[in-house]
Amino acid sequence: MTQVSGGFAELDLLPSIVAAVHATGYEEPSPIQAQAIPVILAGHDMIGQAQTGTGKTAAFALPILCRIDPDRKEPQALVLAPTRELALQVATAFETYAAQMPGVRVVAIYGGAPMGPQLKAIRQGAQIIVATPGRLCDHLRRDEHLLSTVHHLVLDEADEMLKLGFMEDLEVIFNAMPESRQTVLFSATLPASIRAIAERHLHEPKHIRIAAKTQTVARIDQAHLMIHADQKIPAVLRLLEVEDFDALIAFVRTKQATLDLTSALEAKGYKVAALNGDIAQNQRERVIESLKDGRLDIVVATDVAARGLDVPRITHVLNVDMPYDPESYVHRIGRTGRAGREGRALLLVTPRERRMLQVIERVTNQKVAEVRLPTAQQVLEARIRKLTASLQPLLEGSEASHGELLDRLLTDLGCEPRQLAAALLAKLTQGQTLDLEQLERETPLVPSAPRERAPRSGEGREPRERRAPPPLAEGRVRCRTALGARDGIAARNLLGAILNEGGLAREAIGRIQIRETFSLIELPEEGLDRLLGRLKDTRVAGKALKLRRYRED
Ligand code: AMP
């Protein structure tokens, strides 16, 4: 009854891994997975050009897990990631996919946490190490043989690692590993520096790239919203209140997500159903028929389950989870704007997925404008508009049909018409407040994800003359280090050190300004003392960082 089986099962992965992947709710391999898994399983070196959101983590994690010998209690695979945040994410993904492989252990190695327990986890037999380069080098300085049994190396987000100044660390790590290893490199871009690494350290690599053809999507009004990953459901609930849709299809990535969103929408009274690969064919047809004839207004679907779905009533496509590639974005949003009608497509973007948005814009040759989440005030206005629209057609004729009842109620209740009308409204809008304060309490404003991002290399390298620092964003403070351009410091060196030793998320670090004799860095005020404590002994380019809060005057 499963609509799409095959998929992962056809990729020659171990049955225990296929089972774990299905348990995660993935229905079929993403394009990068379908291409990369056979290449990695065959033992080739590989260069994969893919960004976050394409499913690249599973593309390397699944085949590498197949090559791990659970009985050998020593490091066998190493994944390098630019930040602690990504290292933890990758380690968690490995654990998920290895859920049915007893004896397989994963350890994450990153700065800002004590080294002892990390080393202990390796010595206790973890087969998979996921590490940031800086901290791994610290370990290598203590034990140069740490990686001597590792036969699979993955560089994840290689371009980001170079931007963060990890080039030298990478060289140290390459040299600490057996030459006969398999090396897989993933990078969103392939600048000359990455190609040079591949040239030196990869052996006849196969190139994998998801071809991006330009596609046109006229007539569809597109917009995106920046959202934190854990706030998608409240954001969707708010959006739907103000969007004027007839029928809507919401795209998510997993079966579980179809169920979660469907029940959240059901609880708000929407006529909604889930479509995923577990839905039997006859049930699927019923859902589509219901969407066509208006018994349903919303369908929450995975890409696979929505294949071939053609319902002219669909006015909106809501991309709750990012599609894997621009083609599938174009495919998804093509569900609206059918038969010459106007359509609207909305895309939720988490901070880590910004780059995928840029790729989509490039391939579709269109800007996908940013819109803000509706405020409580806008939600309230929308509710009142809908109420007004629903009452309008009843004004005529209702007095004839209900006038007598009205007189009777006024007498029985002994109240004024205005009092009675208010009571009727209260009953009518039960569960949907029309009071702004209450609305704000009920649906706390979901803040949009911050627009500012960490500087990329090249940015943040300000002209070095003295000038007033720019205004600070809320919740940020400026910190100062006596290291500057004359010490050979670039923004990426500071960024790399603070991310990894400080254990901050990339979004938490604001603008970095490098001056001749010092540098300024914007950091979150919350937890600043603890952060400065963690960075107490950090060295950058061989010199003590000594970061201090900078007093603005
Ligand atoms: P990544 O590009 O590796 O950061 O993956 C992005 C997201 O896609 C993660 O949340 C994964 O859990 C999810 N994902 C990866 N592969 C699949 C798949 N085949 N089906 C559904 N979701 C997936």
Side-chain angles (χ1 to χ4, degrees), residues 2-11 13 17-38 40 48-65 79 81-83 85-99 130 154-160 184 186-188 208-210 227-230 232 251-261 274-278 300-307 319-326 328-329 332 347-357 359-360 506:
T2 304
Q3 194 195 110
V4 216
S5 57
F8 283 103
E10 278 157 21
L11 285 174
L13 295 163
I17 292 176
V18 176
V21 165
H22 282 155
T24 312
Y26 300 175
E27 299 190 328
E28 62 162 12
S30 70
I32 192 88
Q33 291 163 3
Q35 289 195 51
I37 290 173
I40 301 176
Q49 203 174 344
Q51 51 272 313
T52 302
T54 50
K56 66 182 165 58
T57 316
F60 61 76
L62 303 180
I64 282 187
L65 278 172
V79 181
T83 61
E85 184 197 12
L86 183 63
L88 282 168
Q89 213 170 298
V90 170
T92 309
F94 265 98
E95 276 164 2
T96 308
Y97 306 139
V130 185
V154 179
L155 305 172
D156 194 9
E157 301 197 357
D159 48 356
E160 291 295 315
V184 170
F186 274 96
S187 194
I208 300 275
R209 178 175 184 185
I210 307 300
I227 244 51
H228 285 291
D230 58 356
K232 285 189 177 174
F251 282 98
V252 293
R253 285 201 165 177
T254 63
K255 283 173 212 166
Q256 192 54 47
T258 62
L259 303 177
D260 293 346
L261 183 55
L275 263 195
N276 59 49
D278 276 355
V300 183
T302 55
D303 290 284
V304 184
R307 231 168 247 167
N319 294 284
V320 179
D321 291 336
M322 189 58 104
Y324 299 115
D325 51 27
S328 103
Y329 172 77
R332 283 180 178 187
L347 174 67
L348 302 190
V349 183
T350 64
R352 291 187 52 77
E353 292 167 340
R354 282 197 172 92
R355 195 173 257 165
M356 188 59 155
L357 172 66
V359 175
I360 287 175
R506 185 107 53 106

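Remember, it's 1-based here, ligands and their atoms both numbered in the order they're listed. Predicted model only: the values in this text are computed from it and were never measured. Positions are given from 1 along the sequence.
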What heavy-atom pair brings Val304 and Glu27 nearest, and what distance separates the two atoms? CB-OE1, 3.5 Å
Residues Ser328 and Asp303: closest non-hydrogen pair is OG-OD1, 4.2 Å
N/O to N/O under 3.5 Å, ligand 1 against protein:
{"residue": "ligand 1", "atom": "2 (O)", "partner": "Gly53", "partner atom": "N", "Å": "2.7"}
{"residue": "ligand 1", "atom": "2 (O)", "partner": "Thr54", "partner atom": "N", "Å": "3.1"}
{"residue": "ligand 1", "atom": "2 (O)", "partner": "Gly55", "partner atom": "N", "Å": "2.7"}
{"residue": "ligand 1", "atom": "2 (O)", "partner": "Lys56", "partner atom": "N", "Å": "3.3"}
{"residue": "ligand 1", "atom": "3 (O)", "partner": "Lys56", "partner atom": "N", "Å": "3.3"}
{"residue": "ligand 1", "atom": "3 (O)", "partner": "Thr57", "partner atom": "N", "Å": "2.9"}
{"residue": "ligand 1", "atom": "3 (O)", "partner": "Thr57", "partner atom": "OG1", "Å": "2.5"}
{"residue": "ligand 1", "atom": "8 (O)", "partner": "Arg253", "partner atom": "NH1", "Å": "2.3"}
{"residue": "ligand 1", "atom": "12 (O)", "partner": "Tyr26", "partner atom": "OH", "Å": "2.5"}
{"residue": "ligand 1", "atom": "16 (N)", "partner": "Gln33", "partner atom": "NE2", "Å": "2.7"}
{"residue": "ligand 1", "atom": "19 (N)", "partner": "Glu28", "partner atom": "O", "Å": "2.8"}
{"residue": "ligand 1", "atom": "19 (N)", "partner": "Gln33", "partner atom": "OE1", "Å": "3.0"}
{"residue": "ligand 1", "atom": "20 (N)", "partner": "Tyr324", "partner atom": "OH", "Å": "2.7"}
{"residue": "ligand 1", "atom": "22 (N)", "partner": "Tyr324", "partner atom": "OH", "Å": "3.1"}

Those residues at least two apart in sequence (or on a different chain) that pass side-chain hydrogen bond (donor to acceptor under 3.5 Å, both in side chains) with Thr258 are Asn276
Under 3.5 Å, is there a donor-acceptor pair between the side chain of Lys232 and the main chain of Val320? yes
Picking from Arg307, Arg253, Lys255, what satisfies salt bridge (Lys or Arg N to Asp or Glu O under 4.0 Å) with Glu28? Arg307
Could you tell me whether the side chain of Ile17 reaches within less than 4.5 Å of the side chain of Phe8, counting heavy atoms only? no
